[in-house]
Participant: 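Starting off with a structure, shown below.
Here, residue 1 is the first one in the sequence, and each next residue gets the next number. Please read these numbers as outputs of a predicted model, since none were measured by experiment.
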Amino acid sequence: MASTTQFLFSLPPKPPYLLSYSSPSKPRSINITCCLSIQQARNDQTTSSGSNALNGLRVAFAAGGTGGHIYPAVAIADELTIVNPTSELLFLGRPNSMESTAIPSAHFEFKPIPAVKLVRPLFSLRNLLLPYFLIKSITKCFTLLSKFEPHLVVGTGGYVSFPVCLAALLKGIKVVIQEQNSVPGIANRFLSLFADLVFVAFNSTVQSFPRKEKCVVCGNPVRLSLKNSVSKALSRLHFFPWLEKMEGSSEEIKVILVLGGSLGANAVNIALLNVYSQLLLEHENWFIIWQTGVESFNEMESLVRSHPRLLLAPFLHSMNMAYAAADLVVSRAGAMTCSEILATGKPSILVPSPNVAEGHQHKNAFLMADVAGSRVITEDELDSTTLGSAISEILGSTLIVENA
């Protein structure tokens with residue numbers, strides 16, 4: 001007699017900034033319990049407890065495009081590895097992309113797929129060949145999933161996850177999706193109709209999905225490295241080694257972490273370009289760690305003057321140290337960045353991108369303003385003067401509080 005596999009999902013501890021969990025109102029083959037685990041139970045065998053229940057578990061992740069889609073999947077994979085190191089995990093994403101570098105760096109297996117992006121507006125001529133490329137991508141995903149034979153596919157949104165999750169559904173593999181933003185994108189909105197569960201970050205997000213009974217509000221997963229305590233002093237030495245020889249009190253040092261997005265945020269980069277020199281000139285104990293984004297780095301590097309208290313980088317892989325070193329974060333308002341700012345407890349200035357679909361970042365930014373007191377500067381308001389004034393005001397008030 002053929003055996004069936006039942007998956008039991010359980011949730012992480014309730015984040016302090018969430019009011020309540022929501023869970024499906026109808027019984028499903030995937031059940032919600034109260035601790036983070038995935039448990040296989042077979043009809044002909046008593047369900048075992050602990051890590052033995054997870055032996056042989058295989059999970060495929062569909063994640064790519066930007067850090068906002070990649071790092072939630074990495075965070076979930078980190079937790080699964082802790083629950084049971086014998087779990088087999090596979091990531092699918094585009095070749096020669098951010099995920100093709102970030103995933104192997106996180107020590108997970110990665111396989112490339114030919115994902116294709118939907119161009120906006122929807123009726124653009126560039127979308128004419130979309131069905132052909134989508135079928136080609138689904139076929140490749142189907143082949144890879146057939147070889148790996150996962151028990152579950154986890155999609156974290158975006159066009160990279162779309163063909164993987166569709167291939168999984170065609171194969172009869174259970175699919176769950178995770179939505180980081182306050183409003184879901186096209187891919188997750190469509191996939192939610194067929195997914196077994198939809199994990200969302202905010203209570204308000206549930207209203208955006210047509211099948212609300214599938215939604216579970218559990219916050220955004222944060223990378224394991226950001227949860228580990230890292231010394232501020234050691235983190236600063238990681239970026240500025242010469243600080244070890246610096247005379248005077250290290251308590252007077254203020255570090256500004258500027259995150260230009262994983263690919264680049266031109267407006268933020270330009271505003272900082274026109275004010276960084278003045279900030280460093282007027283405040284001799286201020287330091288700047290500036291992630292320009294991969295696509296903006298060469299241009300910024302050619303325009304920025306070298307300075308011992310300025311670190312310029314296309315992308316920061318040691319984000320745990322970057323957050324630990326920082327006294328203030330200046331960033332776009334991507335959902336995962338907002339969650340990481342909440343998790344690390346850092347003051348922040350958020351500049352939501354007006355170019356992101358569904359207005360995600362504006363909603364994220366103003367939610368952060370309500371929840372964490374973040375300063376929000378819209379792109380229309382952003383220039384070197386408004387950015388410089390906001391940085392000086394926040395770091396100045398921080399200094400007053402510390403000296404009080």
Participant: Do I253 and F240 touch side chain to side chain, with heavy atoms closer than 4.5 Å?
Facilitator: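 Heavy-atom side-chain distance check fails, nothing below 4.5 Å.
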
Participant: Rounded to the nearest 0.5 Å, how far apart are CH2 of W290 and CD of E301?
Facilitator: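 Going from CH2 on W290 over to CD on E301, the span is 11.5 Å.
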
Participant: Among L387, I288, L312, find the residue that satisfies the side chain to side chain contact (heavy atoms under 4.5 Å, CB included) test when tested with Y276.
Facilitator: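 So, applying the side chain to side chain contact (heavy atoms under 4.5 Å, CB included) to Y276 and each of L387, I288, L312, only I288 qualifies.
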
Participant: Over 60° means perpendicular and under 30° means parallel, so classify the ring planes of H317 and F315, tilted if in between.
Facilitator: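 Perpendicular: the ring planes of F315 and H317 meet at over 60°.
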
Participant: Looking only at atom types and distance, does a side-chain atom of R189 sit under 3.5 Å from a main-chain N or O of P184, one as donor and one as acceptor?
Facilitator: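 Confirmed, R189 side chain pairs with P184 backbone.
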
Participant: Given side chains that start at C-beta, do those of P150 and I173 come closer than 4.5 Å, heavy atoms only?
Facilitator: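 Yes. Closest side-chain heavy atoms under 4.5 Å.
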
Participant: Do the side chains of V164 and F61 get nearer than 4.5 Å, heavy atoms only?
Facilitator: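 No, side chains not in contact.
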
Participant: Any idea which heavy atoms bring S392 and W286 closest together, and the distance?
Facilitator: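 Nearest heavy atoms, S392 then W286: CA-CH2, 3.8 Å.
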
Participant: Nearest 0.5 Å, what's the OG1-OH distance between T337 and Y71?
Facilitator: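 The distance works out to 10.5 Å.
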
Participant: Are the side chain of E109 and the backbone N or O of L90 linked by a donor-acceptor pair below 3.5 Å?
Facilitator: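 No.
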
Participant: So, for P352 and I377, which heavy atoms are closest and what is the spacing to 0.1 Å?
Facilitator: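 Here P352 and I377 meet closest at CD-O, 3.5 Å.
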
Participant: Kindly indicate whether the side chain of L57, heavy atoms from C-beta on, has any atom under 4.5 Å from the side chain of N84.
Facilitator: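 Counting from C-beta outward, L57 and N84 never come under 4.5 Å.
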
Participant: With rounding to the nearest 0.5 angstrom, report the NZ to CG distance, K254 to N285.
Facilitator: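 The CG atom of N285 is 10.0 Å from NZ of K254, to the nearest 0.5 Å.
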
Participant: Treating E99 as the side-chain partner and G65 as the backbone partner, does any N or O pair qualify as donor plus acceptor under 3.5 Å?
Facilitator: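 Yes: the side chain of E99 pairs with the backbone of G65.
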
Participant: Return the minimal non-hydrogen interatomic distance between R332 and P354, and the atom names on each side.
Facilitator: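 Closest heavy-atom pair between R332 and P354: NH1-CD, 4.3 Å.
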
Participant: Can you find a heavy atom in the side chain of I391 that is under 4.5 Å from one in the side chain of I394?
Facilitator: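 Heavy-atom side-chain distance check fails, nothing below 4.5 Å.
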
Participant: For F108 and F91, take the angle between the two ring planes, folded into 0 to 90°, and tell me which bin it lands in: parallel under 30, tilted 30 to 60, perpendicular over 60.
Facilitator: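 Ring orientation, 0 to 90° scale: tilted.
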
Participant: Could you tell me whether the side chains of N274 and S384 share a donor-acceptor contact shorter than 3.5 Å?
Facilitator: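 No, because no side-chain N or O of N274 sits under 3.5 Å from a partner of the opposite role on S384.
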
Participant: Has Q180 got a side-chain atom pairing as donor or acceptor with Q178's backbone, closer than 3.5 angstrom?
Facilitator: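 Such a contact is found between Q180 side chain and Q178 backbone.
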
Participant: Is it the case that the side chain of W242 and the backbone of P308 share a donor-acceptor pair, with hydrogens and angles ignored and the cut-off at 3.5 Å?
Facilitator: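 Present.
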
Participant: First locate atom CG of L311, then atom CG of L316, and finally report the distance between them rounded to the nearest 0.5 Å.
Facilitator: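 Spacing of CG (L311) from CG (L316) equals 7.0 Å.
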
Participant: Of all the heavy-atom pairs spanning M98 and R94, show the shortest one and how long it is.
Facilitator: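 So the two residues come closest at N-NH2, 4.3 Å.
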
Participant: Can you name the nearest heavy-atom pair linking R236 to V255, along with the distance?
Facilitator: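 Scanning both residues, the minimum pair turns out to be NE-CG2, 3.4 Å.
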
Participant: Any side-chain to backbone donor/acceptor pair from H69 onto A63? Under 3.5 Å, distance only.
Facilitator: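 Side chain of H69 to backbone of A63: no pair is present.
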
Participant: Tell me if the NE2 atom of H307 is crowded by more than 12 foreign heavy atoms within 6.0 Å.
Facilitator: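 It does: H307 NE2 has more than 12 such atoms within range.
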
Participant: Tell me if the CD atom of E282 is crowded by more than 12 foreign heavy atoms within 6.0 Å.
Facilitator: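 More than 12 heavy atoms, drawn from other residues, nucleotides or ligands, come within 6.0 Å of this atom.
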
Participant: Quick check: does any side chain N or O of N220 sit under 3.5 Å from a backbone N or O of A201, one acting as donor and the other as acceptor?
Facilitator: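 No; judged by distance alone, with no hydrogens or angles, the pair does not exist.
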
Participant: Taking the side chain as every heavy atom from C-beta outward, state whether Q207 and V183 have any atom pair closer than 4.5 Å.
Facilitator: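 No, too far: nothing below the 4.5 Å cut-off.
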
Participant: I'd like a table of donor-acceptor pairs (distance under 3.5 Å, sequence neighbours excluded) in which one partner is a side-chain atom from residues 165-172, with atom names and distances.
Facilitator:
from: K171; atom 1: NZ; to: S146; atom 2: OG; distance (Å): 3.3

Participant: Is there a donor-acceptor contact under 3.5 Å linking the side chains of S348 and S374?
Facilitator: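 A donor-acceptor contact under 3.5 Å links the two side chains.
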
Participant: Quick one, F148 with K111, criterion side-chain contact (heavy atoms from CB on, under 4.5 Å). Give me CA distance, side-chain angles, the key distance, then yes/no.
Facilitator: CA-CA 11 Å; F148 184 61; K111 295 289 185 182; over 6 Å; no

Participant: Can you establish whether the number of heavy atoms outside D370 located under 6.0 Å from its atom CG is more than 12?
Facilitator: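 Enclosed: over 12 neighbouring heavy atoms sit under 6.0 Å from CG of D370.
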
Participant: For M321, does its backbone N or O pair with a side-chain atom of S318 as donor and acceptor, under 3.5 Å?
Facilitator: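 No, S318 side chain to M321 backbone: no donor-acceptor pair under 3.5 Å.
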
Participant: In sequence, state the C-alpha distance, the side-chain angles, and the governing distance for Y323 and L259, and then conclude on side-chain contact (heavy atoms from CB on, under 4.5 Å).
Facilitator: CA-CA 11 Å; Y323 279 116; L259 302 175; 3.8 Å; yes

Participant: With rounding to the nearest 0.5 Å, note down the distance linking CG in D327 to NZ in K346.
Facilitator: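 Reported value, rounded in 0.5 Å steps: 6.0 Å.
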
Participant: Check N364 against G334 and note the closest heavy-atom contact, atom names and distance.
Facilitator: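 Closest approach of N364 to G334: ND2-C, 4.0 Å.
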
Participant: Look only at the side chain of S389 and the backbone of T385, and say whether a donor-acceptor pair between them is shorter than 3.5 Å.
Facilitator: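 Pair found, side chain donor or acceptor close to backbone of T385.
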
Participant: Between K174 (side chain) and D196 (backbone), is there a donor-acceptor pair under 3.5 Å?
Facilitator: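 No, because the side chain of K174 does not come within donor-acceptor range (under 3.5 Å) of the backbone of D196.
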
Participant: Would you check if S100 and F110 make a side-chain contact, meaning some heavy-atom pair closer than 4.5 Å?
Facilitator: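 Heavy-atom side-chain distance check passes, below 4.5 Å.
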
Participant: Evaluate side-chain contact (heavy atoms from CB on, under 4.5 Å) for S192 paired with I177, printing each intermediate quantity in order.
Facilitator: CA-CA 7 Å; S192 71; I177 59 175; 3.9 Å; yes

Participant: Answer yes or no: is there a side-chain heavy-atom contact under 4.5 Å between V153 and L92?
Facilitator: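 Counting from C-beta outward, V153 and L92 never come under 4.5 Å.
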
Participant: Ignoring hydrogens and angles, state whether a donor on the side chain of T81 or D78 is under 3.5 Å from an acceptor on the partner side chain.
Facilitator: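 Side-chain D/A pair, T81 to D78: absent.
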
Participant: Taking atom CE of M300 and atom OG1 of T292, what is their separation to the nearest 0.5 Å?
Facilitator: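 With rounding to 0.5 Å, CE (M300) is 7.5 Å from OG1 (T292).
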
Participant: Going by atom types only, do N266 and E295 share a side-chain donor-acceptor pair under 3.5 Å?
Facilitator: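 No, E295 and N266 have no side-chain donor paired with an acceptor closer than 3.5 Å.
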
Participant: Would L191 and V175 count as a side-chain contact (heavy atoms from CB on, under 4.5 Å) here? Give the steps.
Facilitator: CA-CA 9 Å; L191 291 171; V175 172; 5.9 Å; no

Participant: With R223, which residues qualify under salt bridge (charged side-chain N to carboxylate O under 4.0 Å, His left out), at least two apart?
Facilitator: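 E340.
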
